[in-house]
Each structure stands twice: as C-alpha cells, then as structure tokens.
Engineer: 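Have a look at this one before I ask anything.
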Amino acid sequence: QVQLVESGGGLVQAGGSLRLSCAGFGRTFSMNAMGWYRQAPGKDREFVAVINWSGTATYYADSAKGRFTISRDNAKNTVDLQMSSLKSEDTAVYYCAASEGGSTTDFIGASTKSAWGQGTQVTVSS
C-alpha cells in the first residue's frame with residue numbers, strides 16, 4: 001500500500017520551533033517532487049513549501065519564506081519541514097504530498113497529487 005505518513009506535529013508556543021517529517025511507504029518517491037500543504041479551521045487547504053526530486057530546488061509560500069525550511073532524504077524516502085518563529089496563524093493540519101513530476105513547477109501546477117498523507121496537527125499558542 002502506497003502511503004505518506006506525517007509525524008512531528010504538536011503544541012508549541014509562539015516563537016518556537018517544530019520539525020515535521022513525512023515518510024513514504026510502499027514505493028520510492030525519489031523521482032517525485034514533494035511538499036507540504038496546510039489547512040486551518042474554516043479555511044481552504046493552502047500550499048506551504050515544495051522541494052524537487054533531487055533536493056536542489058525549493059519554493060515557499062510567502063507566509064513560509066524565511067521561517068520554514070524544506071529538505072528531503074531520498075535514501076530514507078522522507079521529506080521534512082523545519083518550522084521556526086512560529087505564529088498563531090501557523091496553526092493548522094499539515095499535509096505531506098507528492099506529485100507525479102519531479103520539479104517544483106510540476107508539484108505546484110498539478111491539480112491532483114499522486115499521494116497525500118493523513119495530516120498532522122500543529123497548534124501554536126500565543
């Protein structure tokens with residue numbers, strides 16, 4: 001069974017840091033762009049960050065630039081999201097996803113993704 005499994009969510013104070021991890025099972029994602037979305041209560045799911053298949057290119061939403069860092073380890077079939085200087089508005093369920101293509105453009109432009117995780121809750125207290 002092909003799946004992505006997120007971990008690392010939790011409760012953190014504003015200004016703190018948190019590292020999310022996403023592990024792939026059932027197939028390798030080493031040729032796929034991977035990224036993160038989030039969904040806050042009452043809001044649509046929004047893009048956060050993406051990394052290309054080789055880890056050489058990244059792209060961030062404006063809300064994440066300068067605070068979040070996405071990375072991947074193809075040997076471990078994982079992608080991480082290091083979040084710092086967290087704000088209350090970062091509170092959301094964070095989802096990991098993979099696209100069929102390997103570029104950041106493929107990921108952002110894809111209306112559907114080849115795989116989604118189940119989500120992990122991040123709560124930032126002010």
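Along the sequence shown, residues carry numbers from 1.
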Engineer: Could you measure the distance from the NZ atom of K65 to the OG1 atom of T58? Nearest 0.5 Å is fine.
Structural biologist: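 So the gap between those two atoms works out to 10.0 Å.
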Engineer: Hey, could you give me the CG/OG distance between D73 and S30, rounded to the nearest 0.5 Å?
Structural biologist: 11.0 Å
Engineer: Looking only at heavy atoms, which two atoms of I70 and G35 are closest? And how far apart?
Structural biologist: CD1-CA, 4.0 Å
Engineer: If you measure only the distance, is there a donor-acceptor pair under 3.5 Å linking the side chains of N52 and S103?
Structural biologist: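 S103 and N52 do not have a side-chain donor-acceptor pair below 3.5 Å.
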Engineer: Taking everything shown except Y59 itself, do over 12 heavy atoms lie less than 6.0 Å from its OH?
Structural biologist: no
Engineer: Looking at D80, T78, V79, which hits side chain to side chain contact (heavy atoms under 4.5 Å, CB included) with K76?
Structural biologist: T78
Engineer: Rounded to the nearest 0.5 Å, what's the gap from CG on L20 to CZ on F68? Could you check?
Structural biologist: 8.5 Å
Engineer: Do you know which two heavy atoms are closest between Y95 and R45, and how far apart they sit?
Structural biologist: CZ-NH2, 3.7 Å
Engineer: For A97 and F107, work out which heavy atoms get closest and say how close.
Structural biologist: O-CE1, 3.4 Å
Engineer: So, taking the atom named OH in Y94 and the one named CG in L81, what distance separates them when rounded to the nearest 0.5 Å?
Structural biologist: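 Rounded to the nearest 0.5 Å, the OH-CG separation comes out at 7.5 Å.
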Engineer: Might you point out which heavy atoms bring E6 and C96 nearest each other, and give the distance in Å?
Structural biologist: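 Heavy-atom minimum between the residues: OE2-N, 2.7 Å.
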Engineer: Taking the side chain from T69 and the backbone from Q82, do they hold a donor-acceptor pair closer than 3.5 Å?
Structural biologist: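 Not a single qualifying donor-acceptor pair exists.
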Engineer: Quick check: is W116 connected to I108 through a chain of hydrophobic side chains (ILVMFWY, heavy atoms under 4.5 Å apart)?
Structural biologist: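 The answer is yes; both residues are in one hydrophobic cluster.
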Engineer: Nearest heavy-atom pair of D90 and R67: which atoms, and what distance?
Structural biologist: OD2-NH1, 2.7 Å
Engineer: Using atom types as modelled and distance alone, determine if a side-chain donor or acceptor of N32 lies under 3.5 Å from a backbone N or O of E100.
Structural biologist: yes
Engineer: Carefully, step by step, assess V2 and F29 under the rule side chain to side chain contact (heavy atoms under 4.5 Å, CB included).
Structural biologist: CA-CA 10 Å; V2 177; F29 291 91; 3.8 Å; yes
Engineer: What heavy-atom pair brings A92 and Q121 nearest, and what distance separates the two atoms?
Structural biologist: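 It is O-NE2, 3.5 Å.
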Engineer: Rounded to the nearest 0.5 Å, what separates atom CZ in F47 from atom OH in Y60?
Structural biologist: 9.0 Å
Engineer: Test of understanding: clusters of I, L, V, M, F, W, Y form through side-chain heavy atoms closer than 4.5 Å, transitively. Do Y37 and M34 belong to the same one?
Structural biologist: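 Shared cluster, no.
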Engineer: Spell out, yes or no, whether V93 and V124 are grouped together once hydrophobic residues are joined by side-chain heavy atoms under 4.5 Å, including indirect joins.
Structural biologist: no
Engineer: Side-chain heavy atoms under 4.5 angstrom apart, residues restricted to Ile, Leu, Val, Met, Phe, Trp, Tyr: same cluster for F25 and M31?
Structural biologist: no
Engineer: Are V50 and V48 in one and the same hydrophobic cluster, where Ile, Leu, Val, Met, Phe, Trp and Tyr link if side-chain heavy atoms are under 4.5 Å apart?
Structural biologist: no
Engineer: Flag the pair R38 / V122 as yes when at least one side-chain heavy-atom distance between them is below 4.5 Å, and no otherwise.
Structural biologist: no
